[in-house]
Amino acid sequence: MRYSQYFVPTVKETPSDAEVISHQLMLRAGMIRKLAAGIYNYLPLGLRSIRKVEAIVREEMNRAGAIEILMPSVQPAELWQESKRWEKYGKELLRFKDRKDAEFCLGPTHEEVVTDIVRREVKSYRQMPLNLYQIQTKFRDEIRPRFGLMRGREFIMKDAYSFDVDSSAADSSYDRMYQAYRRIFQRCGLNFRAVEADTGSIGGAFSHEFMVLADSGEDAIVSCSTCEYAANVEKAEARPVAPEHAEPRSLERVETPQKRSVEEVTAFLGIPASSLIKTLLVVADGEPLAVLVRGDHDLNEIKLAKVLGCEALEMASEEIVEKVTGAPVGFAGPVGLKVRIVADLATQGMRNFVTGANARDLHYKNVNFDRDFAPERFADIRNVVHGDPCPRCPAGHLELWRGIEVGHVFKLGTKYSEALRATYLDAEGKEQTIFMGCYGIGIGRTVAACIEQNHDADGIVFPIPIAPFHCIVSAVNAKDASVMTAAEGLYRTLTDAGVEVLFDDRDERPGSKFKDADLIGIPLRLVVGSKNLAEGKVELKIRKSGEVSLLPLDEAVEQVKSLVAAALNQ
RNA sequence: CGGGGCGUAGCGCAGCCUGGUAGCGCACCUGCUUCGGGAGCAGGGGGUCGGAGGUUCAAAUCCUCUCGCCCCGACCA
């Protein structure tokens, strides 16, 4: 591709509305442009990288035995009503009506549609296992789209759905996808972790998320320092803490004027936050209840909702707190409370702790379980913290990371096949419910995550497998005929050899060409200048390392070819 | 949904408080010089100041409404 005839609108200044580095660089490198909040145009360079990721995904999905189809974005309400998600999905589901007033939505995911296909066409155990996938535009009307392609409302996703005769066959399908995902993200050159994850609104039995490690990531994940355990903090299990052995002292009410927060109270009393139990009031399916967590720990609402088995869980409003505790917010405590109490495991062994006293400006010291109050149950309902013991091995401790979720695999079980009555006849002629799994990859997000992980002060540093071009040939002086002839020759030779070359034939000053080349992140750069060319040489610069070598033309060609081949065949 | 901020030329911004009919840098066009890390000089084009309404002799500027965009929050005892 000749740069002068291509479309790469780079910009020097960082657009003011871009916050994270990948968003800024994708805008500056002319890869994307915003059309509306969370909705983007893909310009040529951006599209090329996206196509690269898609190609890798396609290869690995096909290798794993999945079969490509393409389903519509526009989906009839009836299917969603059948799965009950028309009501449950909420405002993220973009709904609209056609001219006949029939209701439709733009698909945020395709469980309903794919299950509809399968229930019509799959009748026998002989037709499974079956895994159907597509690469397609999804629409989710996110509360707050942000960070460019990282969290858009319209985005490209690969979604796959597996159909199996029973649970253990479904496990094999799940495992094949899991392994395929590992290969995909390895081939994309990403530093990632596969972590145990909560199943969220999709539902199902268990799942893993594929997280690209990056400080700007929206998710917190943990991994064990010694074993293979890794999980999203939403899901990560906490081990019980060894009990203290202090003798119970007598309960004491202390004045804590204006001290509401954990920090204020513990500082005022001169105790560590771990000696205090905070009492959080929540409303679960309409019922107010109290939740106890150690002062230095945070409540994990997802775990709590699971423990309570409730549908809706929210923090209680100020009014409810005051009504339940009889005190202003900041002084809630478990002693004398009339609502159900659930306590975190880590509080179980605590003795002589501090709590609120359900009265303005008062706390209790030396509170003890059983003597002063008794929670209905102890359960793991907190977020793990850095340094917590690993739940799976005796020696390890948990390390905390930030991650960008680029892929997610779910074992769904029969949630959708039951709702939509997708069944088959087994070898005995008996009707059985199909077992499903679903598997997603955010294509655009993968490109963005890659940039988060691969950039420097000058711009993007693409790994070869998903770079829009492998190599850029920069003709330093476009007016010098010998330079242009040589550069043109390199461009043709490399292109004929299957290397994707962007030929910067623009009549620009060298500085601008170098800046642009760095910004758009092409991994390899051949610089053709009159001085070196007089000696029959060109310069090869590696974007990532900055390494420069002066080579005769034919050697430069061989170098580029072998570097590209090595990167693509790993 | 709550809180905060911003909409002025393609991009980044000033002007607004204290009304008087729009400016800077980059980009773009022309010419000359320059040419290995975002050149210099000279000339030039481009904006119904997000939109609607109001106040006023006069509105980018003041008031009201509205639309769009960005950030934070929606874990707090």
Side-chain angles (χ1 to χ4, degrees), chain A residues 9-20 23-24 27-28 30 33-39 90-91 143-148 220 233-234 256 258-266 273 276-283 290-293 295 297-305 313-318 320-322 324-325 327-334 337 354-358 360-363 381-383 457-459 474-480 483 504 506-519 525 527-533 538-539 541 546 548 550:
Chain A
T10 58
V11 290
K12 273 197 243 184
E13 284 176 281
T14 302
S16 60
D17 54 3
E19 194 73 8
V20 298
H23 188 197
Q24 293 173 354
L27 288 168
R28 287 193 54 208
R33 287 291 184 266
K34 184 174 67 188
L35 182 62
I39 300 177
K91 288 194 170 171
I143 300 174
R144 185 144 90 87
R146 58 180 141 187
F147 303 157
V233 163
E234 290 178 349
T256 49
Q258 300 295 315
K259 309 298 177 199
R260 295 161 184 269
S261 68
V262 171
E263 296 74 42
E264 288 166 353
V265 173
T266 55
L276 176 145
I277 288 183
K278 55 185 175 189
T279 305
L280 309 175
L281 289 161
V282 300
V283 178
V291 180
L292 307 186
V293 182
H297 286 158
D298 285 328
L299 173 66
N300 181 320
E301 290 188 39
I302 291 167
K303 287 182 180 178
L304 178 62
L313 180 72
E314 54 184 13
M315 298 306 297
S317 65
E318 220 166 284
I320 294 176
V321 172
E322 288 177 12
V324 171
T325 65
V329 169
F331 302 98
L337 269 194
V354 170
T355 72
N358 297 324
R360 179 185 292 275
D361 295 345
L362 288 173
H363 278 77
I381 54 170
R382 70 170 171 101
N383 282 337
D458 292 319
S474 298
V476 168
N477 189 338
K479 291 202 177 77
D480 184 325
V483 165
D504 193 349
R506 294 174 301 168
D507 185 11
E508 290 287 336
R509 298 171 60 83
S512 302
K513 295 190 174 193
F514 296 151
K515 288 287 185 191
D516 275 336
D518 287 346
L519 177 61
R525 185 174 85 199
V527 181
V528 186
S530 43
K531 220 184 289 176
N532 290 327
L533 192 61
V538 292
E539 182 184 297
K541 183 163 184 179
V548 178
L550 259 185

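Heavy atoms only: backbone and side chains are in, while hydrogens, waters and symmetry mates are out. Letters go in sequence order (proteins before strands), and every chain restarts at 1. Just so it is clear, the model here is predicted, and its values are computed rather than measured.
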Touch check for A:N532, heavy atoms < 4.0 angstrom, all strands: base, sugar-phosphate only, or nothing?
base

What's the spacing between A:Q258 CD and A:D361 CG if we round to 0.5 Å?
5.5 Å

Considering every strand and a 4.0 Å limit on heavy-atom distances, what is the contact class for A:R146: base, sugar-phosphate, or nothing?
sugar-phosphate

Could you tell me how far B:U55 sits from B:U64 if I compare only their P atoms? Round to whole Å.
15 Å

Roughly how far apart, to the nearest Å, are B:G46 and B:U30 at atom P?
16 Å

Can you measure A:L280 atom CG to B:A74 atom P for me and round it to whole angstrom units?
14 Å

Between B:C69, B:C71, B:G37, which nucleotide gets closest to the side-chain atoms of A:A36?
B:C69

Does the side chain of A:R260 get closer than 4.0 angstrom to OP1 or OP2 of B:A77 through an N or O atom?
no

In whole Å, what separates the P atom of B:A52 from that of B:C67?
15 Å

Return the pairing partner of B:G47 with a 3.5 Å limit on both distances, Watson-Crick or G-U wobble; otherwise return none.
none

More than 12 foreign heavy atoms under 6.0 Å from CZ of A:R33: is that the case here?
yes

Given that both distances must come in under 3.5 Å, which nucleotide forms a Watson-Crick or G-U wobble pair with B:G12?
B:C24

Whole-angstrom distance between B:C69 and B:G12, as gauged at atom P:
16 Å

With rounding to whole Å, what would you report as the distance between B:C16 and B:A58 at their C1' atoms?
16 Å

Does the side chain of A:K278 get closer than 4.0 angstrom to OP1 or OP2 of B:A77 through an N or O atom?
yes

Give one of base, sugar-phosphate or nothing for A:D518, where a contact means two heavy atoms less than 4.0 Å apart.
base

So, does the side chain of A:N477 form a donor-acceptor pair with the base of B:G36 at under 3.5 Å?
no

What nucleotide among B:U34, B:G37, B:G25 has an atom nearest to a side-chain atom of A:E13?
B:G25

Please classify the nucleic acid contact of A:R382 as base, sugar-phosphate, or nothing, using heavy-atom distances under 4.0 Å.
nothing

Minimum heavy-atom distance between A:E508 and A:K513, given as atom pair plus value
O-CE, 3.7 Å

For A:K259, report the nucleic acid contact type (base, sugar-phosphate, nothing); a contact means any heavy atom under 4.0 Å.
nothing

Nearest-nucleotide wise, let me know which of A:T10 and A:E318 is further upstream toward the 5' end of RNA chain B.
A:T10

Crowded around A:E264 CD? As in, over 12 foreign heavy atoms under 6.0 Å?
yes

Out of curiosity, A:L292 CG to A:T279 OG1, how far, rounded to the nearest 0.5 Å?
5.0 Å

Can you tell me how far apart CD (A:E19) and CD (A:Q24) are? Round to the nearest 0.5 Å.
7.5 Å

Check this for me: does the side-chain of A:R525 come within 3.5 Å of the base of B:G37 through a donor and an acceptor?
yes

For A:V262, which residues count as a side chain to side chain contact (heavy atoms under 4.5 Å, CB included) partner, sequence neighbours excluded?
A:T266, A:A273, A:L276, A:K278

Please measure how far the P atom in B:C62 lies from the corresponding atom in B:C28, and state the result in whole Å.
35 Å

note: A:K479, atom NZ; B:U33, atom C1'; distance rounded to Å ~ 11 Å

Please give, in whole Å, the distance from B:C70 P to A:I39 CD1?
10 Å

Pick base, sugar-phosphate or nothing for A:E539, based on heavy-atom distances below 4.0 Å to the nucleic acid.
base

Using both distances under 3.5 Å as the test, list the Watson-Crick or G-U wobble partner of B:A42, or none.
B:U30

Select base, sugar-phosphate, or nothing to describe what A:S261 touches, counting heavy atoms under 4.0 Å on all strands.
sugar-phosphate

Would you mind reading off the distance between A:R33 atom CZ and B:C11 atom P, rounded to a whole angstrom?
9 Å

Answer for the Watson-Crick or wobble partner of B:U61, both distances under 3.5 Å, is none

Please state how far atom CG in A:D17 lies from atom C1' in B:C11, giving the value in whole angstrom units.
11 Å

Separation of atom NZ in A:K34 from atom P in B:C11, rounded to whole Å:
11 Å

Touch class at under 4.0 angstrom, heavy-atom based, for A:V321 against every strand present:
base

Look at A:S16 and B:C13 and indicate whether a side-chain polar atom (N or O) is within less than 4.0 Å of OP1 or OP2.
yes

Is B:C1 paired to anything, Watson-Crick or G-U wobble with both distances less than 3.5 Å, and if yes, which nucleotide?
B:G73

Report the distance from atom CD of A:E263 to atom C1' of B:A77, rounded to the nearest whole Å.
10 Å

Proximity to the side chain of A:R509 - top-ranked nucleotide from B:C75, B:C35, B:G38:
B:C35

Between A:D507 and A:N383, just flag the one whose closest nucleotide in RNA chain B comes earlier from the 5' side.
A:D507

Using a cut-off of 4.0 Å on non-hydrogen atoms, how would the nucleic acid contact of A:G356 be classed: base, sugar-phosphate, or nothing?
nothing

Starting at CZ of A:R144 and ending at C1' of B:G2, how long is that distance when rounded to a whole Å?
12 Å

Taking only the C1' atom of each, what is the distance from B:C11 to B:A27 in whole angstrom?
7 Å

Given side chains that start at C-beta, do those of A:F514 and A:V476 come closer than 4.5 Å, heavy atoms only?
yes

Only pairs with both distances under 3.5 Å count, Watson-Crick or wobble alike; so what is the partner of B:G68 in this structure?
B:C6

Base-pairing mate for B:G37 - Watson-Crick or G-U, with both contacts under 3.5 Å
none

Using 0.5 Å steps for rounding, measure from the OG1 atom of A:T325 to the CG atom of A:L281.
6.5 Å

Taking the minimum atom-to-atom distance to the side chain of A:F147, which one of B:G36, B:C71, B:G38 wins?
B:C71

If the C1' atom of B:U48 is compared with that of B:A59, how far apart are they to the nearest Å?
13 Å

